> 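Input: one structure, supplied below.
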Amino acid sequence: MQVFKFGGASVKDANGVKNIASLLQKVGYKNTLIVVSAMGKTTNALELVIKNYFENKTELQSALQEVKKYHNEILLDLFANENHQVFKKVTGFFNELNQFLETNKSPDYNFVYDQIIGYGELISTLIVSECLNAIGLKNNWIDVREHIKTDSYYRRANVNWEETQQLITTNFNKSILNITQGFLGSDANNFTTTLGREGSDYTAAIFAYCLNADNVTIWKDVPGVLNADPRYFENAQLLNQISYREAIELAFYGASVIHPKTLQPLQGKEIPLYVKSFLNPEAPGTRIGKNITLDPMVPCFIVKKNQVLISLSSLDFSYIVEENISEIFNLLHLYKMKVDVIQNSAISFSVCVDNIYNNLDKLLHHLKAKFKVTCHENVSLYTIRHYTQGAINQIEEGKTVLLKQLTQETVQVVSK
Ligand code: ADP
Ligand code: ASP
Ligand code: MG
């Protein structure tokens, strides 16, 4: 078995969808499972729908209309015959979504989010599946929610491995080309759950683990894993091969090319992960496997923008000790803040966080009751793995450094 994952960028338009067909014809699709994300920026567009829904904005309908229009244009580009069943099926999904919006009574933002956001993947996989069928690549569309079971921690659900393994073992036909949704799962009550933004890579890894796949390939708009994000760094270099360990570190620090949870299941069964270009599918890309030394051995740069640096000190100059620290972490967990860097001294504690769920104000309010708080929003966090002095200088040049932390392999710099 091989598992292929196609992200939003690879299916952002009709040509992207057609390219999947030609890619499969080039590299082969025997015993293959294809995991597909929502098309282009659909997840962001649906996030706006959800926001408008909760804020009772009149723009709710126009936001929804944008999503429909975008998919309809792709459909019209792909299918000449407007009587093709795909049009009806896509409309069916939009009707389901409308019905949910009209009848939902739950005030739980995270729950509602997961019920709505998943239509991006449901619709994209339907379009890809039907398009491949039309081209002659016969395939089977499967609803991932019948295979991946999770808890009910909406928007960042945790996989129930036992149930998932069992469902995949009993329900999955390995001998045909299968297509399914990334990012989604379902809970014990069969409500849709999601695995966290950009979670489709993780979906591919979950299936690979449960199917004992030979390998996973994630197809990207870049040649592979580079030593820096080419959007922010000129001359980023392709890494030919890296170890699971290195990839986990890079993903953990924010190299957005791989979702951080992806590596762990693959590493457990030593399933190699390839990151390759969907524009040049026959190029070798990056191979990630066990005990591989980084090749080439170069500093690797990761940047996370829009981070928040929070510094706390006690109101009465007393020490920040275990008890305070555990309280601080409880609050960070409560408000779903992703912690990037921690630094503490006797009377102060600094933490750089990613305010993914917009809970910063609530967190600060809570912290201010106990601590003296300073907060810098909109800071950037740079991480360099295998740093050199030259690499550090390059990052620090022209910036105000607010926090810096060095370990043997890694330097992290928070700057404005
Ligand atoms: P997908 O279509 O699978 O969602 P993403 O857009 O999430 O793809 O990921 C691909 C992007 O990741 C690239 O276009 C690139 O800008 C960015 N990226 C960040 N860090 C790296 C890195 N170290 N190597 C390659 N690409 C990177
Ligand atoms: N569509 C989801 C997102 O944009 C999942 C993914 O693309 O991996 O976050
Ligand atoms: Mg993505």
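In this chain, numbering begins with 1 at the start of the sequence shown. First listed ligand is number 1; within each ligand, the first listed atom is number 1. Remember, it's a predicted structure, so these values are computed and weren't measured experimentally.
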> Have a look around the Mg ion (ligand 3) and list protein N/O/S atoms under 2.8 Å, or say none.
Glu198 OE1

> Walk me through it: do Asp187 and Tyr154 pass the test side-chain hydrogen bond (donor to acceptor under 3.5 Å, both in side chains)?
CA-CA 9 Å; Asp187 66 9; Tyr154 298 109; 2.6 Å; yes

> Could you check whether Thr410 and Arg385, counting side-chain N and O atoms only, form a donor-acceptor pair closer than 3.5 Å?
yes

> Are Thr286 and Leu238 side-chain neighbours, meaning at least one heavy-atom pair lies under 4.5 Å?
yes

> Which of the atoms in ligand 1, numbered in the order shown and given with their element, are less than 4.0 Å from a heavy-atom of Arg231?
16 (O), 17 (C)

> Quick one: which of Asn235, Ile242, Val298 gives a side chain to side chain contact (heavy atoms under 4.5 Å, CB included) with Asn227?
Val298

> Starting from atom 9 (O) of ligand 1, find the nearest protein heavy-atom neighbour and note its residue, name and distance.
Lys220 NZ, 3.4 Å

> List ligand 2's nitrogen or oxygen atoms that come under 3.5 Å of a protein nitrogen or oxygen, with the partner atom and distance.
from     : atom 1 : to     : atom 2 : distance (Å)
ligand 2 : 1 (N)  : Thr43  : OG1    : 2.7
ligand 2 : 1 (N)  : Glu121 : OE2    : 2.6
ligand 2 : 4 (O)  : Thr43  : OG1    : 3.3
ligand 2 : 4 (O)  : Arg197 : NH2    : 3.0
ligand 2 : 7 (O)  : Ser37  : OG     : 3.3
ligand 2 : 8 (O)  : Glu198 : O      : 3.4
ligand 2 : 8 (O)  : Gly199 : N      : 3.3
ligand 2 : 8 (O)  : Ser200 : N      : 3.0
ligand 2 : 8 (O)  : Ser200 : OG     : 3.0
ligand 2 : 9 (O)  : Arg197 : NE     : 2.5
ligand 2 : 9 (O)  : Arg197 : NH2    : 3.4
ligand 2 : 9 (O)  : Glu198 : N      : 2.7

> Are any of the N/O atoms on Pro230, whether in the backbone or the side chain, positioned under 3.5 angstrom from an N/O atom of ligand 1?
no

> Taking atom types as modelled, is there a side-chain donor on Thr193 or Thr150 under 3.5 Å from an acceptor on the other?
yes

> Look at Asp354 together with Lys304 and state whether they make a salt bridge at an N to O cut-off of under 4.0 Å.
yes

> If we count only N and O atoms by modelled type, under 3.5 Å, do the side chains of Ser350 and Gln343 hold a donor and an acceptor together?
no

> For Glu198 and ligand 1, does the shortest N/O to N/O distance drop below 3.5 Å?
yes

> Can you confirm whether Val159 sits close enough to Leu195 that some side-chain heavy atom of one is under 4.5 Å from a side-chain heavy atom of the other?
yes

> Kindly write out the residues that satisfy side chain to side chain donor-acceptor pair (under 3.5 Å) with Tyr253, not counting sequence neighbours, or none if the list is empty.
none

> Parallel, tilted or perpendicular: which fits the ring planes of Tyr153 and His333, with parallel below 30° and perpendicular above 60°?
parallel

> Yes or no: does Ser256 have any heavy atom under 4.0 Å from an atom of ligand 1?
yes

> Which residue supplies the protein heavy atom nearest to atom 24 (N) of ligand 1, what is that atom called, and how far is it?
Leu226 N, 2.9 Å

> Check this for me: does any side-chain nitrogen of one of Lys149 and Glu162 sit under 4.0 Å from a carboxylate oxygen of the other?
no

> Would you say atom 6 (O) of ligand 1 makes contact with the protein, given that contact here means a non-hydrogen protein atom less than 4.0 Å away?
no

> Tell me the protein heavy atom at minimum distance from atom 25 (C) of ligand 1, and give that distance in Å.
Gly224 O, 3.4 Å

> Could you find the nearest protein heavy atom to atom 14 (O) of ligand 1 and give me its residue, atom name and distance?
Asp221 OD1, 2.8 Å

> N/O to N/O below 3.5 Å, does that happen between Asn227 and ligand 1?
no

> Charged N to carboxylate O under 4.0 angstrom, Glu282 versus Lys276?
no

> Do Lys51 and Glu55 pass the salt bridge (charged side-chain N to carboxylate O under 4.0 Å, His left out) test, and can you show the C-alpha distance, the side-chain angles, and the key distance before you say yes or no?
CA-CA 6 Å; Lys51 190 165 175 277; Glu55 293 173 2; 3.8 Å; yes

> Check contact between Ala236 and ligand 1, using heavy atoms of the residue and a distance below 4.0 angstrom.
no

> For Asp229 and ligand 1, does the shortest N/O to N/O distance drop below 3.5 Å?
yes

> Within 45 degrees of the ring normal and closer than 6.0 Å to the centroid, is that where the cationic atom of Lys399 sits relative to Tyr382?
yes

> Identify the protein heavy atom lying closest to atom 27 (C) of ligand 1, giving its residue, its atom name and the separation to 0.1 Å.
Val257 CB, 3.6 Å

> Is there at least one pair of N or O atoms, one from Val225 and one from ligand 1, spaced under 3.5 Å apart?
no

> Starting from atom 2 (O) of ligand 1, what is the nearest protein heavy atom, named by residue and atom, and what distance separates them?
Ala9 N, 3.1 Å

> Considering residues at least two apart in sequence or located in another chain, which fulfil the ring pair (Phe, Tyr, Trp, His ring centres under 6.0 Å) criterion with His84?
Phe79

> Would Glu47 and Arg197 pass as an ion pair if we require N to O under 4.0 Å?
yes

> Do Lys404 and Gln412 have side chains that get closer than 4.5 Å, going by heavy atoms?
no

> Examine Trp219 against ligand 1 and note whether any of their N/O atoms are separated by less than 3.5 Å.
no

